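Atoms considered below: every heavy atom in the structure, side chains included; atoms not considered: hydrogens, waters and symmetry mates. Values in this document were obtained by computation on a predicted structure and should not be read as measured data.
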Amino acid sequence: MPVPAPVLGIALAALATVVWSGSFVTSRALHDSVPPVQHAFWRWVVALAVVAPFGARQAWRQRRSIRRHLGFVFLASLLGVAAYNTLVNQAGLTTPAANMGMIMAASPVLMAVFERAAGVRLGVRRVTGLLVACSGVVLLIAGGAGGTRLGAGDVWMVTAACCFAAYSGLLRRRPAELGGTGFLFTTFLLGTVLLLPAQGVSLAVQGGFDPTPGTVLPILYVSVASSAVAFFAWNRAIALVGPSRAGVVYYLQPVCVSLLSWAVLGEATGWAQTVCMALILGGVVLGAAARR
């Protein structure tokens, strides 16, 4: 029995959100050993190699469509590949992982704004769920994560959230002939090319990094899981349920990051954070279940 499209879309959005939660932890873990641009560059080089066996041939078959919609492909590559992850890595230099997850949870608001501007009706239940989840995020930020306060590096995360929301809104208008792993391979390839000049500058100014297990393994995680797997899942979720409903699920981000920080780093979660997480989860359930 086939899985209904809304159910599959929500499940794929949740999968991408959970996997991406770990990328914030890796960005923070590598902040003093791998320069942000080099982290992003090698992430996409490896991800490109992983996707190539599945997407290169499809991309070649779609080459005329890619040329016809090159502006769309370029913008998607710039926002979703080259800019977004580099900004996240830059934020990781000074911003705790929990703060990064909380700030990124604001992106569903921007996704909904972009979708509404495109003429899509969001419906009362979805807007209500979005507001409930948003209130949980605001309270979580206002109280701080583990007693921390927003710092200068959070500006980079706000910019990253804007890029991700714009990328997600853009996917809603993806031409039908640009689909599947072919589109994914093309954006990965173009995004990597866009990072090449910055990679050269980083190597010249900062030098390379030591390829130890402590640096290579996190990069492999973000390359395979957070890039190839999560981006495919998210793109498919957008196609099935749209950016606003998938965006509501994305509110799970601070919950996942907080739980991961507790499990891996031993950071405590207080009662206030638990209440905020309950609001976020309640909003996700309400907004994701809405039909309009």
Side-chain angles (χ1 to χ4, degrees), residues 19-52 74-104 107 145 148-164 166-167 184-185 187-231 253 257 260-261 264-265 267:
V19 172
W20 275 330
S21 298
S23 66
F24 294 123
V25 176
T26 60
S27 292
R28 182 59 177 163
L30 296 177
H31 78 280
D32 59 352
S33 56
V34 182
V37 170
Q38 295 181 40
H39 182 181
F41 177 78
W42 289 112
R43 166 182 181 160
W44 293 114
V45 167
V46 177
L48 187 63
V50 171
V51 173
F74 175 85
L75 192 56
S77 303
L78 176 65
L79 292 171
V81 177
Y84 166 62
N85 291 281
T86 305
L87 290 169
V88 170
N89 295 338
Q90 182 67 33
L93 294 178
T94 56
T95 305
N99 275 30
M100 294 165 70
M102 288 189 294
I103 294 171
M104 273 305 298
S107 58
T148 63
R149 295 182 179 180
L150 296 179
D154 297 320
V155 175
W156 293 109
M157 278 308 302
V158 171
T159 309
C162 292
C163 287
F164 182 73
Y167 169 76
L184 206 64
F185 173 82
T187 55
F188 285 9
L189 176 61
L190 187 53
T192 304
V193 172
L194 290 173
L195 282 171
L196 268 174
Q199 168 74 356
V201 172
S202 178
L203 287 173
V205 174
Q206 300 171 301
F209 63 92
D210 293 329
T212 65
T215 57
V216 172
L217 291 179
I219 291 177
L220 286 177
Y221 170 81
V222 296
S223 300
V224 179
S226 295
S227 299
V229 175
F231 266 79
Q253 188 83 79
V257 173
L260 188 60
S261 298
V264 176
L265 305 177
E267 296 179 353

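Shown here for G80 and F231, the closest heavy-atom pair between the two residues is O-CZ, 3.3 Å. Nearest heavy-atom pair across Q206 and P35 is OE1-CB, 3.3 Å. The minimum heavy-atom distance between V224 and V50, with the atom names listed, is CG2-CG2, 4.0 Å. Nearest heavy atoms, V229 versus A225: CB-O, 3.4 Å. Nearest approach of P218 to L30, heavy atoms of both residues: CB-CD1, 3.9 Å. Among all heavy-atom pairs drawn from Q90 and P36, the shortest one is OE1-CG, 3.5 Å.
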Exercise for the section: For the pair V222 and H39, evaluate side-chain contact (heavy atoms from CB on, under 4.5 Å) and give the outcome as yes or no after the intermediate values. Expected result: CA-CA 9 Å; V222 296; H39 182 181; 3.9 Å; yes
Practice task
Determine, step by step, whether L87 and C163 satisfy the side-chain contact (heavy atoms from CB on, under 4.5 Å) criterion, reporting the C-alpha distance in whole Å, the side-chain angles of both residues, the deciding distance to 0.1 Å, and the verdict.
Solution key: CA-CA 9 Å; L87 290 169; C163 287; 3.9 Å; yes
Practice task
Might you work through the side-chain contact (heavy atoms from CB on, under 4.5 Å) test for W42 and Q199, ending with a clear yes or no?
Solution key: CA-CA 9 Å; W42 289 112; Q199 168 74 356; 3.6 Å; yes
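Remark: the backbone N or O of L184 is paired with a side-chain donor or acceptor of T187 at under 3.5 angstrom. The main-chain N or O of A82 is never found under 3.5 Å from a side-chain atom of W44 such that the two would form a donor-acceptor pair. A donor-acceptor pair under 3.5 Å links the side-chain atoms of R43 to the main chain of S226, judged by distance alone.
In this structure, OH in Y84 is found 16.0 Å from OG in S77, a value given to the nearest 0.5 Å. Between the CZ atom in F41 and the CG atom in L203 there is a gap of 8.5 Å [rounded to 0.5 Å]. Atom OG1 in T94 sits 11.0 Å away from atom CE in M157 (nearest 0.5 Å). With rounding to the nearest 0.5 angstrom, the CG atom of L78 is 12.0 Å from the OH atom of Y167. Summarising the geometry, atom CG belonging to L189 is positioned 9.5 Å from atom CG belonging to L194; distances are rounded to the nearest 0.5 Å. For the atom pair W156 CH2 and N89 CG, the distance stands at 12.0 Å (nearest 0.5 Å).
Annotation: side chain of V81 is not in contact with side chain of L190 (no heavy-atom distance under 4.5 Å). Side-chain atoms of T215 and D210, non-hydrogen and from C-beta on, never get closer than 4.5 Å to each other. Within the 4.5 Å cutoff, the side chain of S23 has no heavy atoms near those of the V88 side chain. Looking only at side-chain heavy atoms (C-beta outward), I219 and F209 come within less than 4.5 Å of each other.
A 6.0 Å sphere centred on CG of D32 holds more than 12 heavy atoms belonging to other residues, nucleotides or ligands. Atom CZ of F74 has 12 or fewer neighbouring heavy atoms from other residues, nucleotides or ligands inside a 6.0 Å radius.
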